[in-house]
Participant: 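Before we start, here is the structure in question, set down as structure tokens.
Every chain is numbered from 1 and lettered A, B, ... according to where its sequence line falls, protein lines coming before strand lines.
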Protein chains: 2
Amino acid sequence: MTAPPSETSRAADSLIATFERQIADGVLKDGEALPPEREIVQTYGVSRTVVREAVLALSNKGLVEARPRFRPVVRKPGYDAALQAAGSVVNRLLNEPSGVRNLFDLRIMMEAALVREAALFADKNQISRLQQALADNERAINDSAAFFATDVAFHSVFYEVPANPVLPSIHKAYVNWLSKHWMKMPRFPDRNRLNYEAHAAIFDAILLRDPDLAEKALRDHLDDAWQQVRETFNTP
Amino acid sequence: MTAPPSETSRAADSLIATFERQIADGVLKDGEALPPEREIVQTYGVSRTVVREAVLALSNKGLVEARPRFRPVVRKPGYDAALQAAGSVVNRLLNEPSGVRNLFDLRIMMEAALVREAALFADKNQISRLQQALADNERAINDSAAFFATDVAFHSVFYEVPANPVLPSIHKAYVNWLSKHWMKMPRFPDRNRLNYEAHAAIFDAILLRDPDLAEKALRDHLDDAWQQVRETFNTP
DNA sequence: CGCGCAGTTTTTGTCATACCAAACCTGCGT
DNA sequence: ACGCAGGTTTGGTATGACAAAAACTGCGCG
């Protein structure tokens with residue numbers, strides 16, 4: 001039965017749709033492995049070619065995680081899966097002249113908005129988490145690796161203030177995309193101290209519940225960080 | 001010569017990488033069609049299976065545009081290709097309870113930041129474009145289809161103010177993701193008039209160069225729009 | 001000389017089969 | 001009980017085949 005490949009589109013598409021539905025409906029639970037390819041072949045009466053194509057497509061969409069020789073594992077996607085899907089293209093764009101600049105500017109804009117929100121709406125719990133992160137950051141001034149980690153952690157708190165699950169994912173994506181540039185930057189204790197003081201200034205502005213001051217402090221901090229990037233990579 | 005498939009990973013991956021490089025380096029120019037599969041087979045000494053897998057992967061990454069029975073066309077990715085890659089996952093998330101809410105909140109946050117920037121930095125040219133868009137919007141009050149279009153156009157101007165090419169792409173992505181919900185919403189001239197007036201209020205605040213007022217007007221506008229969404233779909 | 005249409009050639013989508021090597025499972029020996 | 005050796009799946013790839021859609025070709029007509 002050499003199936004006629006023409007109805008609306010490819011046979012693979014319907015298989016893909018089937019699996020997407022099964023994942024969405026929980027028939028295929030998260031963390032579970034897909035059935036073997038040959039079993040799918042028998043179940044749906046398609047060739048292995050189509051099955052492989054479908055699985056690959058699901059893998060590219062981030063719905064399953066397929067290591068080379070293992071069974072694909074279902075991954076119910078969160079918001080970071082969505083951003084991760086964009087990753088490969090973004091990485092290419094980062095190699096173009098103004099790619100890093102564009103993304104960094106976007107980050108400045110978003111974090112400016114976030115610190116405004118934090119200044120206006122952060123509750124006691126969130127402020128104490130900021131304080132904690134700031135203290136960790138200060139303690140790490142002399143350990144550049146630890147400083148980098150606490151730096152990221154401090155900024156990440158802002159992405160959690162609005163209680164929107166998309167935001168932490170965005171922050172993770174930023175860190176992923178830009179970290180390879182950050183990593184290559186020289187980090188010295190005195191540089192770290194300046195950054196810590198910038199963080200402290202932002203925190204103080206939030207304590208004062210002054211969104212304009214907080215935004216200014218954040219922008220100064222990130223503009224300065226950009227200057228460092230610029231000097232390091234000579235990218236105008 | 002039944003090639004041994006074991007060196008570091010899949011043979012397909014190296015083919016994918018090869019094409020990515022060729023696209024990045026301009027060997028495969030934008031808009032051009034990929035070579036026929038059998039030609040690739042001969043050129044790189046792999047099987048058609050691998051070629052198809054690679055092409056499919058490129059298609060999923062948005063580097064080539066592959067309609068069902070046509071030759072894949074190279075698409076040098078811009079920022080919207082990146083966001084488009086995230087599309088399929090986002091669409092799934094939009095079907096979950098608070099998915100639309102999360103995305104809409106994010107949009108409110110971003111546009112709030114954008115109108116602030118516009119209030120502070122928009123130049124004459126950009127303000128006149130806003131005015132133009134606003135006028136178009138007013139003229140379309142009695143034509144709901146046209147109103148929708150001019151509504152989108154008005155908001156899109158804000159995404160162009162910071163001259164960051166990422167932003168228009170983000171706006172496009174928003175429109176794509178959320179438009180299917182907007183489309184289903186009832187739109188009447190009186191409703192349109194309210195929305196137009198909200199747009200006008202934002203514009204006025206920008207003329208006054210008052211970022212706080214502009215942000216407030218924008219938030220009122222979008223909160224109101226969210227109320228409409230909520231009433232229409234009963235999604236809390 | 002250009003243009004449209006029919007027939008021919010490519011090319012894609014799919015199926016089927018085969019093989020290798022890595023992962024997995026099973027049972028045996030200790 | 002436990003670990004290891006061997007057999008059994010299963011994924012990755014290659015090859016060959018075929019139907020249908022696209023692309024191409026050349027012919028006839030204006």
Participant: Could you state the CZ-C1' distance from A:Arg71 to D:dG12, rounded to the nearest angstrom?
Facilitator: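 My rounded result for the distance is 15 Å.
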
Participant: Over how many whole Å does the gap from B:Ile40 atom CD1 to D:dA14 atom P extend?
Facilitator: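 Distance, rounded to whole Å: 14 Å.
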
Participant: Would you indicate which nucleotide in C:dC15, D:dT13, D:dT10 comes nearest to any side-chain atom of B:Ala12?
Facilitator: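 Within the option list, the nearest is D:dT13.
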
Participant: From the list C:dA23, D:dG11, C:dG13, which nucleotide is the closest neighbour of the side chain of B:Arg69?
Facilitator: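 Ranking C:dA23, D:dG11, C:dG13 by closest atom to the B:Arg69 side chain puts C:dG13 first.
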
Participant: Rounded to whole Å, please give me the gap between CZ in B:Arg67 and C1' in D:dA23.
Facilitator: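 Nearest whole value for this atom pair: 13 Å.
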
Participant: Within the structure provided, determine whether B:Leu222 and B:Glu111 are in side-chain contact (heavy-atom separation under 4.5 Å).
Facilitator: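 Side chain of B:Leu222 against side chain of B:Glu111, heavy atoms only: contact under 4.5 Å found.
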
Participant: Find the distance A:Asp13:CG to C:dT14:C1' and express it as a whole number of Å.
Facilitator: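 The distance from CG of A:Asp13 to C1' of C:dT14 comes to 13 Å, rounded to the nearest Å.
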
Participant: In terms of heavy-atom contacts, does CD of B:Gln227 have more than 12 from other residues, nucleotides or ligands at under 6.0 Å?
Facilitator: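 It does: B:Gln227 CD has more than 12 such atoms within range.
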
Participant: According to a strict under-4.0 Å criterion, is B:Ser47 in side-chain N/O contact with OP1 or OP2 of D:dT13?
Facilitator: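 False: B:Ser47 side-chain N/O out of range (4.0 Å or more) of D:dT13 OP1/OP2.
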
Participant: Among C:dT14, D:dG12, D:dT10, which is the nearest nucleotide to the side chain of A:Glu53?
Facilitator: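 The answer is C:dT14.
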
Participant: Where the side chain of A:Arg38 is concerned, which of D:dT10, D:dA20, D:dT13 is the nearest nucleotide?
Facilitator: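 Closest of the options to the side chain of A:Arg38: D:dT10.
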
Participant: Tell me which of A:Val41 and B:Phe70 sits closer to the 5' end of DNA chain C, going by the nucleotide each one is nearest to.
Facilitator: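 Closest to the 5' end, via its nearest nucleotide, is B:Phe70.
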
Participant: If you check the B:Arg52 side chain, which of D:dA14, C:dG13, C:dC15 turns out closest?
Facilitator: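 Within the option list, the nearest is C:dG13.
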
Participant: Hey, does B:Pro72 have a side-chain heavy atom less than 4.5 Å from the side chain of B:Glu65?
Facilitator: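 Contact flag for B:Glu65/B:Pro72 side chains = no.
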
Participant: Please tell me which of the listed nucleotides, C:dT11, C:dT14, D:dG11, lies nearest to the side chain of A:Arg48?
Facilitator: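 Nearest to the side-chain atoms of A:Arg48, counting from C-beta on, is D:dG11.
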
Participant: Looking at C:dG13, C:dA16, D:dT15, which one has an atom nearest to any side-chain atom of B:Thr49?
Facilitator: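 Closest of the options to the side chain of B:Thr49: D:dT15.
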
Participant: Quickly work out the A:Gln42 CD to D:dT9 P distance and round it to whole Å.
Facilitator: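 To the nearest whole Å, that distance equals 13 Å.
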
Participant: Quickly work out the A:Glu39 CD to D:dT9 C1' distance and round it to whole Å.
Facilitator: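 Interatomic distance, CD of A:Glu39 to C1' of D:dT9: 12 Å.
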
Participant: Would you check if the side chain of B:Asn164 reaches a backbone N or O of A:Asn102 as a donor-acceptor pair within less than 3.5 Å?
Facilitator: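 Yes, because the side chain of B:Asn164 sits within donor-acceptor range (under 3.5 Å) of the backbone of A:Asn102.
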
Participant: For the ring pair B:His221 and B:His199, is the centre-to-centre distance below 6.0 Å?
Facilitator: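 That pair passes the under 6.0 Å test.
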
